[in-house]
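Worksheet: the structure to be examined is printed underneath.
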Amino acid sequence: MAKVILPEGSVVEASGRSLLAFLEERGLTAAAALVDGQLRDLRDPLPESGEVRTVALADPAALEVLRHTASHILAQAVRRLYPGVKLAIGPAIADGFYYDFRFPEPLGREALAAIEAEMAKIVEADLPIERVWLSRAEAEALYRDLDECYKLELLADIPDERISFYRQGEFIDLCRGPHLPSTGLVRHVRLLDLAGAYWRGDASRDMLTRIYGTAFADAKALEEHLRWREEARQRDHRALGPDLDLFSIQNETIGAGLVLWHPKGARIRHVIETFWKDEHYKAGYQLVYTPHIGRARLWRESGHLDFYREGMYAPMDIEGQEFYLKPMNCPFHIAIYKTRTRSYRDLPIRYAEMGTVYRFERSGVLHGLLRVRGFTQDDAHIICRPDQIEDEVEGCLDLTMHILGAFGFHDYKVALSVRDPAHKERYIGGDAMWEAAENSLVRALERKGLPYTRMEGEAVFYGPKIDMHILDSLHRSWQLTTIQFDFNLPERFDMTYIGDDGQAHRPYMVHRALLGSLERFFGILIEHYGGAFPAWLAPVQAVVLPVTEGEIPYAEGVAEELRQAGIRAEAWTRERKTLRWLIREAQLQKIPYMLVCGAREAAQGVVALRLRTGEDLGPQPVAAVMERIRNATAARGTEL
RNA sequence: GCCGGCGUAGCUCAGCAGGCAGAGCAGCGGUUUCGUAAACCGCAGGCCGGAGGUUCGAUUCCUCCCGCCGGCUCCA
C-alpha cells in the first residue's frame with residue numbers, strides 16, 4: 001500500500017485507484033502527484049508502495065505542468081481555427097510557455113485575441129486530459145494521416161516502442177507529460193507574443209511561428225506577472241537612454257552597435273571609471289593603456305586569426321602592412337609583460353585596462369547597449385606563480401563583490417565551468433594545470449561562501465572559469481563577471497619568469513572582467529535603477545529652481561556654491577517657467593535633489609529642499625543640503 | 001540571415017473607400033512674475049524610409065530594397 005498525502009495534509013493508505021479518484025470523492029482539485037520525487041499524472045494508478053504527495057495547483061512545482069497543459073490548449077485552439085496548421089513543439093519555459101506552428105498563411109498579432117477566445121472555450125468545456133499509449137506503428141500512422149511532418153521527425157528520435165500521447169477532446173498530442181487532469185484548471189492564461197523560430201533552432205531549416213503565452217494558478221499571480229512585464233518595458237534602457245539624454249545609437253549615420261555617450265551618460269561613465277580605477281589601484285593593479293589596432297603578426301601569434309576570425313573585422317592596409325582592430329586586449333598586456341625579464345619576485349603582476357574592443361556581431365543580435373559591436377571591457381590580466389593562484393582568484397572575487405555591491409548588486413549566481421571529463425584531449429594544458437586551476441577556483445568560492453553550479457564541459461579550450469550573474473531590481477539575471485584561466489596565451493607567447501632556481505618557468509595567467517563591458521553594464525544599470533540613479537551616480541545631482549525671475553541671481557549663486565563643493569548642480573534659469581513646470585521637468589529627469597528658491601528663501605539665505613521621492617523637506621540652510629548630498633554620495637547608497 | 005510587426009515634423013502619434021499632410025510635446029517670438037508633476041497666444045517645422053509599378057492622380061494599392069522592434073531549442 002502506498003502512503004497518500006492529501007492536500008489538507010491527511011494521510012491515507014491506498015493502492016490501485018488513482019489519486020484523482022480520492023480527490024474527487026472529497027471534492028478537491030490538484031495539479032499532479034509527486035511520486036518518489038517525480039511529478040506524475042493524477043490519473044495514474046497509485047503504486048504498490050512508497051509515498052505519493054498531492055501537488056496543489058498553487059504549488060510552484062505545479063507551474064510547469066500547468067503551463068505545459070496551457071500550451072496544449074493553445075495548440076488545440078489553433079488547430080480548430082487554422083485547419084491546415086502543422087504542429088511542432090510546445091514546452092513550458094521559465095516565464096510561461098510557447099508552441100511552434102507552421103501556418104498556411106502568415107499570422108498577425110491581432111489573431112491572438114481570437115485564439116485566446118477559443119482557448120477559453122476549451123477551458124470552459126473542462127475536457128478530461130488522458131494519457132494514451134500507442135505503438136510506434138500506430139503513432140506513425142496517426143501522424144502520417146494528419147500529415148504532421150514535424151511530429152514524425154520527433155517520433156523518429158524517440159527510441160521507445162510504446163509512445164506516450166495525451167488526449168483532450170478531439171485533440172491529441174505526442175507528449176511525455178505529465179499534465180493536469182482536465183483543461184478546466186487552466187483559468188489564468190494569456191497569450192503574449194508572436195515570433196519566428198527555426199525548427200529545432202537550425203537556421204537552415206523551416207521557419208515556424210512561435211506563440212508565447214503565460215499561465216498562473218490564480219488571477220493575482222497572472223496580474224503581477226503582467227505588471228512586471230510592463231515595469232520591465234518602462235525601464236527599457238533603449239527608451240530611457242534617449243529620454244534622459246544619456247546615449248544614442250545612430251544606425252544610419254554612425255553604424256549599428258556603435259554607441260555615442262552623451263554628456264550625461266559620459267558623466268555617469270566617468271564616475272564609474274573613476275571609482276573602478278581607484279579600487280583597482282587599491283587592490284594592487286597597475287593600469288595600462290594599449291592601442292586599438294595591431295599588426296596581423298600579433299593576432300597570428302595569439303591565435304585569434306585562427307580561432308576568432310569570424311569575430312574580427314577585415315584587416316586594413318597601412319603602408320603595405322595588415323593591421324586588425326582589436327577584439328581583445330590580452331595580446332597587448334602580454335606584450336607589456338614581455339618587455340623585460342621577470343623575476344618570481346615581480347609576481348603577481350596585475351595589468352588592468354578599460355580597453356575598447358570591436359567584435360563582429362550579426363545585425364539581428366544587436367540590442368541597445370546590451371549587445372554592441374564596439375565596447376569597453378573592464379579588463380585585467382593577472383600573471384602569477386602557481387603558489388599564488390588561489391589568493392589571486394580570491395582577490396578577484398573580493399574586488400568583484402566590493403565593486404558590484406557599490407552598484408546595488410548583492411545577489412550572485414555563480415557558474416564554475418570545467419572540462420568535459422570524457423574529452424580531455426579537446427583542451428590545451430596538462431591535467432596538473434587544470435586541476436590546480438580548478439581547485440583554486442573552488443577553494444576561493446568556498447572561502448567566500450559563494451554557492452556555485454558546476455558545469456562539466458562548459459569550459460573553453462584554454463582553461464576553467466567562473467562566471468558570475470547578478471540579479472537586478474526586477475530579479476532578472478545578467479552575466480557580468482568572468483574570471484578565467486588561460487593556459488593558451490602564455491604558451492603561444494612564450495611568457496616566462498625566472499624562479500628562485502634560476503630557471504625560466506611558465507606563469508599562470510588569469511583573464512578577468514568584473515563589469516564585463518561598460519556599455520552593457522550601463523544598460524543594465526539604467527534598467528536596474530529605472531533611470532533614477534542614486535546620488536553618487538546621478539549625472540545631475542541637484543537643480544536649483546527659482547520661483548520668479550527675481551530669484552535668478554540667488555539661484556545661480558547657490559548652484560555655483562554647490563559646484564564649488566564638488567556637487568553636480570545646475571540652476572534652471574535659462575527661461576522663465578512656472579515652478580510647477582520646473583519641478584515636473586526635474587522629476588521627469590529623475591534628478592535626486594530640487595532646491596527651490598523663492599523670495600522667502602532668498603531673503604533668509606536658505607533653500608526649500610524637495611527630493612525626487614516627492615518628499616518636501618522645507619527650508620534648509622544651503623550648508624545642510626550640501627552636507628546631505630555629500631553624505632549620500634559618499635555612502636553610494638540609494639538613500640537621498 | 002530568417003519569420004512576424006512597424007517606418008508620417010527633433011520626439012510621441014493621428015490620417016489614407018486613392019484627391020493640396022494633421023495634433024500634442026520640444027524649438028523660435030511674444031504675453032504672464034508665477035510656491036512643489038505641464039500658464040497663455042502666435043510662428044516655423046515634412047522628398048509620409050528609398051526605388052519602381054498600377055492610376056488622370058499614390059502618404060494611401062502592388063513589388064523590391066533599406067532601417068527599426070520582437071524572436072530564432074529552456075527540446076515530445
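Small disclaimer: the values here were computed from a predicted structure and weren't measured. To find a chain, count down the sequence lines: A is the first, B the second, and so on, and within it residues start at 1.
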Would you classify A:L155 as touching base, sugar-phosphate or nothing, given that sugar-phosphate means primed atoms plus P, OP1 and OP2, and contacts are heavy atoms under 4.0 Å?
nothing
Separation of B:rG4 atom P from A:D206 atom CG, nearest Å, is 13 Å
Spatial distance of atom CG (A:D41) from atom OG (A:S164) [nearest 0.5 Å]:
8.0 Å
Test side-chain contact (heavy atoms from CB on, under 4.5 Å) applied to A:R238 - qualifying residues, sequence neighbours left out
A:D236, A:H367
Each nucleotide of nucleotides 6-12 of chain B classed B (base within 4.0 Å of a protein heavy atom), S (only sugar-phosphate) or -, in 5' to 3' order, makes -------
Rounded to whole Å, the CG-P distance (A:L545 to B:rA37) equals 12 Å
Per the under-4.0 Å heavy-atom filter, residues of residues 58-73 of chain A near RNA chain B come out as none
Determine the interatomic distance between P on B:rG52 and the same-named atom on B:rA17; round to the nearest Å.
26 Å
Going by the side chain to side chain donor-acceptor pair (under 3.5 Å) test, name the single residue among A:K151, A:R167, A:H179, A:Q168 that passes it with A:D173.
A:K151
Donor on one side chain, acceptor on other, A:E585 and A:W572, under 3.5 Å:
no
Where are the stems of RNA chain B, defined as at least 3 consecutive Watson-Crick or wobble G-U pairs with both distances under 3.5 Å?
B:1-7 with B:66-72, B:10-13 with B:22-25, B:27-31 with B:39-43, B:49-53 with B:61-65
State whether a side-chain donor-acceptor pair under 3.5 Å links A:Q587 with A:R610.
yes
What interatomic distance, in whole Å, is found between C1' of B:rG53 and the corresponding atom of B:rC72?
34 Å
Parallel, tilted or perpendicular, as decided by the 30° and 60° cut-offs, for the rings of A:F360 and A:Y313:
perpendicular
Which residues pass the salt bridge (charged side-chain N to carboxylate O under 4.0 Å, His left out) test with A:E627, not counting sequence neighbours?
A:R630
Would you call A:D472 and A:R235 a salt bridge, taking side-chain N to carboxylate O under 4.0 Å as the test?
no
Please round to the nearest 0.5 Å and tell me the distance separating atom OH of A:Y150 and atom CZ of A:R205.
8.5 Å
Rounded distance (Å) that lies between atom P of B:rC68 and atom CG of A:L258
12 Å
Between B:rG45 and B:rA23, how far apart are the two C1' atoms, rounded to whole Å?
14 Å
Integer angstrom distance from the P of B:rG67 to that of B:rU8
16 Å
Using atom P of each nucleotide, how far apart are B:rC40 and B:rC47 to the nearest Å?
30 Å
Under a 3.5 Å threshold, yes or no: a donor from one side chain and an acceptor from the other, between A:R229 and A:T214?
no
Measure the acute angle between the ring planes of A:Y166 and A:H72, then classify it against the limits of 30° and 60° as parallel, tilted or perpendicular.
perpendicular
Excluding sequence neighbours, so at least two apart, what forms ring-ring contact (aromatic ring centres under 6.0 Å, His included) with A:Y82?
A:F103
A:D193 CG to B:rC69 P, straight-line distance once rounded to whole Å
15 Å
Within the 4.0 Å limit for protein heavy atoms, which parts of nucleotides 26-36 of chain B are touched? Write it as a string from 5' to 3', B for base, S for sugar-phosphate only, - for none.
SS-----BBBB
Closer than 4.0 Å, any side-chain N/O of A:H367 to the OP1 or OP2 of B:rC69?
no
Residue list, ring-ring contact (aromatic ring centres under 6.0 Å, His included) with A:W261, at least two apart or on another chain
A:F522
Distance between P atoms of B:rG18 and B:rU59 (Å, rounded)
13 Å
What nitrogen or oxygen pairs link the protein and nucleotides 72-75 of chain B at under 3.5 Å?
unit_1 : atom_1 : unit_2 : atom_2 : d
B:rC72 : O4'    : A:G196 : O      : 3.4
B:rC72 : O2'    : A:Y198 : N      : 3.1
B:rU73 : O4     : A:R200 : O      : 3.2
B:rC74 : O2     : A:A94  : N      : 3.1

For the P atoms, the ones on B:rC64 and on B:rC56, what distance do you get once it is rounded to whole angstrom?
24 Å
A:H237: ring-ring contact (aromatic ring centres under 6.0 Å, His included) partners, not counting sequence neighbours:
none
Can you list everything that forms a ring-ring contact (aromatic ring centres under 6.0 Å, His included) with A:F307? Sequence neighbours excluded, please.
A:F461
Those residues that, when tested against A:E148, pass side chain to side chain donor-acceptor pair (under 3.5 Å) (two or more places apart):
A:R79
Taking the same atom, P, in B:rU63 and in B:rU54, what whole-Å distance lies between them?
15 Å
Mark yes or no: A:R210 above the aromatic ring of A:Y98, with NZ or CZ under 6.0 Å from the six-membered ring centre and no more than 45 degrees from the axis.
yes
